[in-house]
Each structure stands twice: as C-alpha cells, then as structure tokens.
Novice: 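Submitted below is the structure of interest, expressed as structure tokens.
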Amino acid sequence: MGIIPIWGFQLIAAIFLAILFRLNKALVIIAANISVPPMIPLIIYLSYKAGGYWLYNGSSTIEYSKLISLRSIENNFTQYLYGSITLAVVAGVAFGLLTFTLLKLLKRKSIPAG
C-alpha cells in the first residue's frame, strides 16, 4: 500500500486492509511506510517506467519541454497511474514470497516436551 498513488491516505488504507484481513497492524504500519521522502523519486520513476508497458504507444520516456499541454500531462499521468498499481502489486507479491521463503527457511524446530 505504500506504493499505491493515494498519497496521504496510504497508511489509512493499509490499516483498513490489516483490520479486514486480520493482519498484524504494527507490521503493516512499518511496511506501509516505504514512501518516505528519499524513496519517492525512485518510486515515481519506477512507476512511470512500469506504466510504459501498459500503454499502446509504449511511451516510457519523459519529454522535457516548454510546450507542455494538458494532453501530455494526461498521457504521463495515465502511464504513472498504471505503473504505480503494477509496481505495487509486483512489489507486494515479490516481498510476500521473499518473506514466506525466509520464514520457512529460518523456522525453528520445536522441541517436544518430555
């Protein structure tokens, strides 16, 4: 939820989903804080690049020019929006599988009482 483009509401949405799915709320709060200021440019850039795969024109470059129109802003925002949702899903699945694998590998064997 820290990558989804609902800036300002990411934590609220994450807590709501934690309650809905009965997850550990403290861990959800920690994990949802990925969008700290040093990470925001990287998240926006990766989201924009990932969105290029969804658009028909394959637009994945940002044109810097003084001739910015509402159409170019719309195209760039659409690409960013698609990419941010894609990046959030991919990151969620990847880190979920990584966590699951690490927990399975590092699982302590219980010692039977005897």
Side-chain angles (χ1 to χ4, degrees):
M1 291 307 298
I3 298 175
I4 296 289
I6 51 174
W7 303 101
F9 299 102
Q10 294 167 327
L11 192 57
I12 294 168
I15 292 171
F16 172 75
L17 290 173
I19 292 169
L20 183 68
F21 293 119
R22 297 182 181 164
L23 301 173
N24 186 326
K25 288 146 202 75
L27 291 177
V28 168
I29 290 170
I30 291 169
N33 284 321
I34 190 173
S35 58
V36 293
M39 294 294 292
I40 290 174
L42 179 65
I43 291 171
I44 291 173
Y45 177 74
L46 291 175
S47 296
Y48 187 79
K49 290 299 262 185
Y53 295 109
W54 291 106
L55 297 181
Y56 293 116
N57 62 0
S59 176
S60 63
T61 60
I62 299 174
E63 296 291 330
Y64 295 104
S65 132
K66 292 182 180 181
L67 303 173
I68 296 176
S69 67
L70 289 176
R71 183 74 175 149
S72 67
I73 292 172
E74 178 186 351
N75 287 341
N76 290 332
F77 181 74
T78 303
Q79 181 174 344
Y80 164 72
L81 186 65
Y82 289 176
S84 63
I85 293 170
T86 303
L87 184 64
V89 169
V90 168
V93 169
F95 284 109
L97 290 173
L98 178 68
T99 302
F100 180 76
T101 303
L102 287 175
L103 288 175
K104 283 293 190 182
L105 291 174
L106 301 175
K107 182 179 179 182
R108 292 185 184 170
K109 305 255 184 208
S110 59
I111 300 172

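It should be emphasised that the depicted structure is a prediction, and the values quoted were computed from it without experimental measurement.
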Novice: Which residues pass the side-chain hydrogen bond (donor to acceptor under 3.5 Å, both in side chains) test with Thr86, sequence neighbours left out?
Specialist: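 Here the qualifying residues are Trp54.
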Novice: Measure the spacing between CG of Leu87 and OH of Tyr80 and express it to the nearest 0.5 Å.
Specialist: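 Leu87 atom CG to Tyr80 atom OH measures 9.5 Å (nearest 0.5 Å).
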Novice: Should side-chain heavy atoms under 4.5 Å link Ile, Leu, Val, Met, Phe, Trp and Tyr, which residues sit in the same cluster as Ile15?
Specialist: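 Reading the cluster by chain and number, Ile15 sits alongside Leu11, Ile19, Ile29.
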Novice: Can you sort out the partners of Leu27 under side-chain contact (heavy atoms from CB on, under 4.5 Å), two or more places apart, ordered by chain and number?
Specialist: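 side-chain contact (heavy atoms from CB on, under 4.5 Å) list for Leu27, sorted by chain: Asn24.
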Novice: How long is the straight-line distance from CG of Leu106 back to OG1 of Thr101, given to the nearest 0.5 Å?
Specialist: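 One gets 10.5 Å once the value is rounded to the nearest 0.5 Å.
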Novice: Looking at residues at least two apart in the chain, or sitting in another chain, which of them share a side-chain contact (heavy atoms from CB on, under 4.5 Å) with Ala18?
Specialist: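 Leu23, Lys25, Val28.
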Novice: Starting from Leu102 and following side-chain heavy-atom contacts under 4.5 Å between hydrophobic residues (I, L, V, M, F, W, Y), which residues can be reached?
Specialist: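 Listed partners: Phe95, Leu98.
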Novice: Do Phe77 and Leu81 have side-chain heavy atoms sitting under 4.5 Å apart?
Specialist: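 Yes, side chains in contact.
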Novice: With ILVMFWY side chains joined below 4.5 Å, transitively, what does Val90's cluster contain besides itself?
Specialist: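 Noted: Val90 shares its cluster with no other residue.
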Novice: Partners of Thr78 by side-chain contact (heavy atoms from CB on, under 4.5 Å), sequence neighbours excluded?
Specialist: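 For Thr78, the residues satisfying side-chain contact (heavy atoms from CB on, under 4.5 Å) (neighbours in sequence not counted) are Leu55, Glu74, Tyr82.
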Novice: So which of Ile44, Ile43, Leu42 actually passes side-chain contact (heavy atoms from CB on, under 4.5 Å) with Leu46?
Specialist: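 The residue from Ile44, Ile43, Leu42 that satisfies side-chain contact (heavy atoms from CB on, under 4.5 Å) with Leu46 turns out to be Leu42.
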Novice: Is there a path from Phe100 to Phe21 through hydrophobic residues (I, L, V, M, F, W, Y) whose side chains come within less than 4.5 Å of each other?
Specialist: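 Looking at the clustering, Phe21 is in a separate group from Phe100.
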Novice: Applying side-chain contact (heavy atoms from CB on, under 4.5 Å), can you list everything that pairs with Ala88, at least two apart in sequence or on another chain?
Specialist: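 Result, side-chain contact (heavy atoms from CB on, under 4.5 Å) vs Ala88: Ile3, Ile4.
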Novice: Please give me the minimum heavy-atom distance between Ser47 and Ser84, naming the atom from each residue.
Specialist: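 The answer is OG-CA, 3.4 Å.
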